[in-house]
Novice: 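Take this structure first; my questions come after.
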Amino acid sequence: MSKVVVDKMAMQRALTRITYEIIEKNKGVNNLVLVGIKTRGIYLAKRIANRLQKLENKEVPVVGIDVTKYRDDIQHTNNEPEVLSDNEVSLKDKNIILVDDVLFTGRTINAALSAIAELGRPNNIRLAVLVDRGHRELPIRADFVGKNIPTSKQEIIQVQVDEIDDQDSVEIDEK
């Protein structure tokens, strides 16, 4: 039995709020790169970039990052995918906004930080997440949060984005 906790309109409002907060914190969009964690984080990053373009009249690069080979909690293979989806964009000396759908234990974000560190040293890295559900295992917190949804460890947060799921929503399911 799943329960919708964020619908399409609420998701749009959350991403718009995150966009304004990014502009304020960064004092504009100069030297900014959005790095979306695959899979759904990249789509959220692209949506934020579109809003930034409309508000600031300046294009912000978006790259996707696959953190699979940096995870400390999964088995690795020799044929891991490329880390960055766009190798043309340098992260060196940039202000990075790392974008993901759900912040839970912090392990995915830790893996993303390791991947970014290998690609070049940015000026700073800030974290934007659509949902913060708590239960951190590492000292990681988001700078920009769309919605805080306290959960039990037995619950599963399912983020759906129109680009791959044909709808925008956040649902809570029981394990």
Side-chain angles (χ1 to χ4, degrees), residues 11-74 76 80-148 157 159 161 163-164 170:
M11 187 182 291
Q12 289 177 0
R13 284 191 298 273
L15 292 173
T16 299
R17 186 175 57 256
I18 287 170
T19 302
Y20 278 106
E21 290 174 4
I22 288 169
I23 292 169
E24 287 179 25
K25 190 89 165 184
N26 197 62
K27 297 180 176 63
V29 295
N30 291 331
N31 208 33
L32 193 65
V33 175
L34 298 178
V35 176
I37 298 176
K38 291 186 176 179
T39 298
R40 286 164 181 79
I42 185 66
Y43 296 109
L44 299 174
K46 288 178 180 179
R47 292 183 190 189
I48 293 169
N50 288 335
R51 286 170 171 79
L52 290 169
Q53 165 75 38
K54 289 176 184 169
L55 292 169
E56 294 291 302
N57 213 15
K58 188 170 182 183
E59 192 171 327
V60 174
V62 178
V63 295
I65 192 167
D66 187 320
V67 301
T68 306
K69 75 177 194 176
Y70 296 91
R71 295 291 302 245
D72 64 356
D73 56 346
I74 61 173
H76 298 288
E80 302 285 345
E82 285 290 314
V83 175
L84 278 185
S85 66
D86 184 351
N87 291 327
E88 301 296 311
V89 178
S90 170
L91 304 183
K92 188 176 183 330
D93 298 325
K94 300 290 185 194
N95 298 322
I96 305 293
I97 305 294
L98 186 59
V99 182
D100 202 8
D101 55 353
V102 179
L103 178 56
F104 182 31
T105 61
R107 296 203 175 275
T108 299
I109 304 308
N110 188 51
L113 294 172
S114 296
I116 289 170
E118 270 190 26
L119 297 167
R121 189 179 188 285
N123 282 339
N124 59 58
I125 302 172
R126 293 192 175 102
L127 176 60
V129 296
L130 180 62
V131 175
D132 184 345
R133 65 173 288 189
H135 303 287
R136 228 62 89 237
E137 294 174 4
L138 300 170
I140 290 174
R141 69 165 179 79
D143 299 281
F144 313 104
V145 177
K147 186 157 181 71
N148 285 296
I157 296 283
V159 173
V161 293
E163 293 88 343
I164 53 176
V170 177

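Worth knowing before you read on, the calculation uses all heavy atoms, side chains too, and leaves out hydrogens, waters and symmetry mates.
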Novice: Run the side chain to side chain contact (heavy atoms under 4.5 Å, CB included) check on Lys94 and Val89 step by step: do they pass?
Specialist: CA-CA 10 Å; Lys94 300 290 185 194; Val89 178; 5.9 Å; no
Novice: Return the minimal non-hydrogen interatomic distance between Arg126 and Asn124, and the atom names on each side.
Specialist: NH1-OD1, 3.8 Å
Novice: Is there a donor-acceptor pair under 3.5 Å between the side chain of Arg121 and the backbone N or O of Asp93?
Specialist: no
Novice: Between Val62 and Ala49, what is the shortest heavy-atom contact and its length?
Specialist: CG2-CB, 3.3 Å
Novice: What's the spacing between Ile116 CD1 and Leu98 CG if we round to 0.5 Å?
Specialist: 5.0 Å
Novice: Decide yes or no for Arg47 and Met11: does some side-chain heavy atom of the first lie under 4.5 Å from some side-chain heavy atom of the second?
Specialist: yes
Novice: Could you grab the distance from atom CG of Asn57 to atom CG of Leu52, nearest 0.5 Å is fine?
Specialist: 12.0 Å
Novice: Do Lys147 and Leu130 have side chains that get closer than 4.5 Å, going by heavy atoms?
Specialist: no
Novice: For the CZ atom of Phe104 and the NE2 atom of His135, what is their distance to the nearest 0.5 Å?
Specialist: 6.0 Å
Novice: Could you report the tightest heavy-atom contact between Lys58 and Gln53, atom names first, then the distance?
Specialist: C-OE1, 3.3 Å
Novice: Rounded at 0.5 Å granularity, tell me how far CG in Asn31 sits from CD1 in Ile96.
Specialist: 8.5 Å
Novice: Got a sec, which residues hit side chain to side chain contact (heavy atoms under 4.5 Å, CB included) with Ile140, two or more places apart in sequence or on another chain?
Specialist: Leu103, Ile109, Asn110, Leu127, Leu138
Novice: Scan the side chains in residues 15-22 for donor-acceptor partners under 3.5 Å anywhere in the protein, sequence neighbours excluded, and list what turns up.
Specialist:
residue, atom, partner, partner atom, Å
Thr16, OG1, Gln12, O, 2.9
Thr16, OG1, Arg51, NE, 2.9
Arg17, NH2, Gly146, O, 2.3
Thr19, OG1, Leu15, O, 2.7

Novice: With side chains defined as the heavy atoms from C-beta onward, is the minimum distance between Phe144 and Ile97 less than 4.5 Å?
Specialist: yes
Novice: Give me the atom names and distance for the closest heavy-atom approach of Val99 to Ala45.
Specialist: CG1-N, 3.8 Å
Novice: Enter the distance from Asp100:CG to Lys38:NZ here, rounded to the nearest 0.5 Å.
Specialist: 13.0 Å
Novice: What are the two closest non-hydrogen atoms of Val35 and Leu91, and how far apart are they?
Specialist: CG2-CD2, 4.1 Å
Novice: If you measure from NZ on Lys27 to CG on Asn95, what distance do you get to the nearest 0.5 Å?
Specialist: 10.5 Å
Novice: What heavy-atom pair brings Ala115 and Ile65 nearest, and what distance separates the two atoms?
Specialist: CB-CD1, 3.7 Å
Novice: Are any of the side-chain heavy atoms of Asp101 and Val161 separated by less than 4.5 Å?
Specialist: no
